[in-house]
Structures are given as C-alpha cells and as structure tokens.
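Read the structure below first, then the notes.
The analysis underlying the following values was restricted to heavy atoms, covering all of them including side chains, and did not include hydrogens, waters or symmetry mates.
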Amino acid sequence: MAHEYPRSSGFEQSYRCYPVSFIDKQHLEKGDKIIMPPSALDRLASMHVDYPMLFELNNTTAGRVTHCGVLEFVADEGLIYVPYWMMENMLLQEGDIVQVKNKSLVKGTYVKLQPHTKDFLDISNPKAILETTLRSYSCLTTGDTIMVPYNNKKYYINIVEAKPSSAISIIETDCEVDFAPPLDYVEPEKPAPSTSSTLPKKRPQEAEEEPVQKVARFNPFTGSARRLDGKPSTESVAPVSSPILKQHQLESENGAKDSKPSTSASRQRSGKLVFGSNSNQPTKEAPKAAPKKQESSEKAEEEKETKFQAFTGKKYSLKG
C-alpha cells in the first residue's frame with residue numbers, strides 16, 4: 001500500500017533570498033510569484049498540500065509578513081528569488097534569511113486600495129488597468145504595497161483593507177475593489193467667513209444717512225411770506241434753521257428800525273415801495289450783534305400784525 005501523508009502537515013523552511021533580476025526573470029516584478037529550489041517541490045508533493053500553492057514569507061528580524069505564490073522550482077538549493085518590491089515591503093536585503101511556510105488562504109470578496117499619488121486616478125480607466133495587473137498576483141495582504149506599471153511609469157498602491165481576512169486569495173474570484181484618497185491628496189480649505197465681507201453692507205447705509213443729515217441742516221428760501229395785494233399769506237412759514245439766514249434776517253430788521261427818516265417818504269413802513277426818493281437806499285452799517293430770542297420773537301409778531309398795502313405814499317410829478 002502507498003503511504004499516505006496527513007494533509008495537516010505543513011511545509012516550513014528557511015532560505016536566503018535574492019531579487020529575481022539575479023536570474024534574468026525581471027518580468028516577475030509585475031506579480032507576486034517566487035522561484036524556489038527543486039527540493040521544496042519534492043517535499044510539497046509528498047505532503048499533499050492544497051493547490052494553487054500559496055506561501056507565507058516571514059522576516060523574523062523585522063517582524064514583517066507577506067504572502068505569495070510560486071512560479072518555478074529551478075533555484076539553487078538553499079536560495080529563493082523574490083520580486084524586489086516584496087523585498088522592500090519586508091525590509092529584506094540581498095542574502096537575508098527568510099522563513100517560507102505553505103499557507104491556505106480564503107478567497108477575497110473585498111479589497112480597499114490607496115494610491116501613493118493622484119496621477120494614478122488621472123488614468124482614463126484605472127480599474128481596468130488594475131484588473132489587468134492583478135491577474136499576475138495570487139494573493140493580497142493588508143499592509144503591503146504593490147507596484148502597477150503603466151505607460152513606462154510605476155504606480156505604487158497600498159493594500160489598506162481586505163475581506164474576509166487580512167490575507168486573501170484572488171485567484172478565480174470576484175472581488176470588489178474600492179479606492180481610498182491618494183496619499184498626496186489635500187482637501188481644499190473652506191473659506192472662513194471674514195468680517196470684511198460685512199463691511200460693504202454697512203457702508204452704503206452710512207452713505208445714505210449722511211446726505212439726509214446734510215439736507216436737513218440747510219433750508220434755502222426760508223422766512224416770512226408776503227403777498228403784493230396785502231392779503232395775509234396762507235402758506236405755512238418754515239422755521240429758520242440756518243444760523244446764517246437768521247443773522248441776515250435780524251440785521252435787516254434792525255437796520256429798518258434804527259433808521260429815522262426826515263421826510264414824509266422816509267416815514268414809510270417796512271414793506272412799502274417808494275418811487276423818486278433816495279431814502280429807500282440801504283445805509284451801510286457795521287453788523288450788529290444778534291439780539292436775544294425774546295426780542296426777535298416780539299418783532300416777528302409786530303411784523304405779522306402790520307398789513308402790507310401796495311403802491312401807497314405821496315405822489316410826485318416829473319415836472320417839479
């Protein structure tokens with residue numbers, strides 16, 4: 001009878017690792033396949049491990065772990081050849097010792113990726129490019145950084161999250177892919193509400209109020225209204241608000257009171273028109289101080305009481 005090995009037994013071996021470029025297999029940099037020695041194939045075949053063969057690489061010195069597949073068993077004994085991007089993830093140098101162990105991984109249903117730069121999202125169809133690239137991969141591990149070559153440029157992408165486990169197999173499975181914001185992405189700052197924006201709203205109101213105040217201060221053509229026919233005026237008399245107009249009105253009233261005419265024509269009351277007399281010419285006198293408010297009010301009342309009679313006075317003849 002042939003001896004049957006238990007399926008629970010596992011493969012575990014330590015090897016020295018080197019980049020795949022050492023054996024002229026640089027095309028393996030586009031995936032996660034490694035090259036192992038022929039002795040490893042003999043042991044794996046006798047153990048009846050699951051296919052496709054998946055392995056766990058462990059750098060015990062740095063505490064880094066990742067997962068990969070195998071392409072060929074043609075390496076020298078005691079050596080394995082690994083893609084250089086995997087060596088960078090595990091902090092391995094050429095000739096360092098790495099522990100290799102066979103592993104069975106569940107099929108993935110969800111993976112979240114995060115590009116290092118925004119340039120990857122500028123590609124016309126990044127999901128299609130990513131799908132084509134991931135065909136060369138056997139599994140994905142949370143925390144790893146994979147490289148996606150496109151148009152002679154290398155794009156690095158972080159594996160942020162994987163479901164249903166932190167390490168998943170992506171061979172012949174439908175896996176949902178989601179993208180996180182790139183590492184160099186910066187959200188635009190929201191403009192803070194500045195106080196300067198409210199100032200223009202207040203300035204027009206102030207500008208509108210100032211002209212109103214200026215117009216209220218100046219009242220042109222103010223004073224007592226008189227009619228030529230002698231009848232009392234029915235129009236309302238506007239109060240004199242301007243101090244300059246008030247002073248001129250008081251001066252004219254004082255000049256009419258203080259002047260004492262010697263002829264009958266000079267006995268005319270204020271408000272009468274006289275022809276042929278020089279007495280109606282105003283005399284130039286020095287401006288006097290404004291009287292008190294009480295006197296000005298009494299004079300204004302006296303003027304209101306006097307009636308205006310047009311074309312009255314002594315008659316004169318041009319013959320002499």
Side-chain angles (χ1 to χ4, degrees), residues 15 17-37 40-41 51-59 64-76 79-94 96 98 100 102-103 105 107-108 110-162 166-180 182-183:
Y15 297 97
C17 67
Y18 291 92
V20 292
S21 59
F22 278 32
I23 54 174
D24 295 333
K25 293 185 180 293
Q26 298 174 350
H27 63 280
L28 296 181
E29 291 289 346
K30 298 180 180 179
D32 63 345
K33 306 293 192 301
I34 64 174
I35 305 296
M36 299 181 68
L41 177 60
Y51 290 88
M53 296 182 184
L54 300 177
F55 299 91
E56 177 187 278
L57 303 183
N58 187 2
N59 181 6
R64 294 295 185 94
V65 178
T66 190
H67 298 80
C68 64
V70 60
L71 181 66
E72 295 176 347
F73 294 90
V74 296
D76 296 336
L79 305 178
I80 61 171
Y81 297 96
V82 183
Y84 187 69
W85 67 266
M86 294 180 65
M87 295 181 63
E88 289 180 335
N89 287 339
M90 300 184 65
L91 305 178
L92 290 171
Q93 300 294 329
E94 298 174 2
D96 287 350
V98 62
V100 182
N102 74 303
K103 194 79 173 178
L105 300 178
K107 290 187 177 182
Y110 173 83
V111 62
K112 189 173 185 178
L113 308 177
Q114 183 179 33
H116 284 196
T117 60
K118 296 181 292 185
D119 299 342
F120 181 76
L121 301 180
D122 294 336
I123 300 175
S124 60
N125 195 349
K127 286 193 175 183
I129 300 300
L130 189 62
E131 182 181 356
T132 303
T133 303
L134 292 180
R135 291 176 183 173
S136 303
Y137 287 77
S138 303
C139 50
L140 296 174
T141 305
T142 302
D144 280 358
T145 300
I146 62 175
M147 187 269 294
V148 178
Y150 181 73
N151 275 353
N152 298 325
K153 190 174 182 179
K154 296 179 180 180
Y155 299 94
Y156 292 91
I157 300 176
N158 293 340
I159 311 298
V160 178
E161 185 181 358
S166 59
I168 58 174
S169 171
I170 58 173
I171 299 175
E172 297 180 355
T173 181
D174 292 332
C175 188
E176 181 184 356
V177 179
D178 192 12
F179 287 92
L183 294 178

Least distance between heavy atoms, [X] atom then [Y] atom:
X	Y	answer
A180	P115	O-CD, 3.7 Å
P83	V20	N-CG1, 3.7 Å
G69	S138	CA-OG, 4.0 Å

Between atom [atom1] of [X] and atom [atom2] of [Y], what is the distance when rounded to the nearest 0.5 Å?
X	Y	atom1	atom2	result
C68	L28	SG	CG	11.5 Å
Y81	I35	OH	CD1	9.5 Å
E131	I170	CD	CD1	10.5 Å
Q93	E88	CD	CD	9.5 Å
N58	H67	CG	NE2	9.5 Å
Y15	L57	OH	CG	11.5 Å

Please examine the side chains of [Y] and [X], heavy atoms only from C-beta on, and report whether any two atoms are closer than 4.5 Å.
X	Y	value
V111	E176	no
Y155	P126	no
M90	V98	yes
I168	L105	no
Y110	E161	yes
C139	D32	yes
V65	T141	no
I159	I146	yes

### Message
Among I157, V148, V160, which residue satisfies the side chain to side chain contact (heavy atoms under 4.5 Å, CB included) criterion with L113?
### Response
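Among the candidates, only I157 passes.
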### Message
Strictly below 4.0 Å, N to O, side chains only: are E172 and K107 in salt-bridge contact?
### Response
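No, this pair does not count.
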### Task
Run the numbers on F179 and F120 for side-chain contact (heavy atoms from CB on, under 4.5 Å), then give the verdict.
CA-CA 11 Å; F179 287 92; F120 181 76; 3.7 Å; yes
### Query
Is the distance between the ring centroids of W85 and Y137 under 6.0 Å?
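Centroid distance W85-Y137: below 6.0 Å, so yes.
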### Message
Test side-chain contact (heavy atoms from CB on, under 4.5 Å) on H116 and N158; report intermediate values, then the result.
### Response
CA-CA 7 Å; H116 284 196; N158 293 340; 2.7 Å; yes
### Query
Is the count of non-hydrogen atoms from other residues, nucleotides or ligands lying under 6.0 Å from N125 atom CG greater than 12?
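Result for CG/N125: enclosed.
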### Query
Going through the distances and angles, do K30 and T133 end up as a side chain to side chain donor-acceptor pair (under 3.5 Å)?
CA-CA 7 Å; K30 298 180 180 179; T133 303; over 6 Å; no
Checking [X] side chain against [Y] main chain: does a donor-acceptor pair fall under 3.5 Å?
X	Y	value
E29	Y84	yes
T173	S169	no
K33	S136	yes

### Task
Would you tell me whether N89 and T66 have side-chain atoms, one donor and one acceptor, within less than 3.5 Å of each other?
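There is no such pair between these side chains.
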### Task
Apply the test side-chain contact (heavy atoms from CB on, under 4.5 Å) to residues Y18 and M87: give CA-CA distance (whole Å), side-chain angles for both, the deciding distance (0.1 Å), then the verdict.
CA-CA 8 Å; Y18 291 92; M87 295 181 63; 5.9 Å; no
### Task
List the steps and the verdict of side-chain contact (heavy atoms from CB on, under 4.5 Å) for E72 and K25.
CA-CA 11 Å; E72 295 176 347; K25 293 185 180 293; 3.4 Å; yes
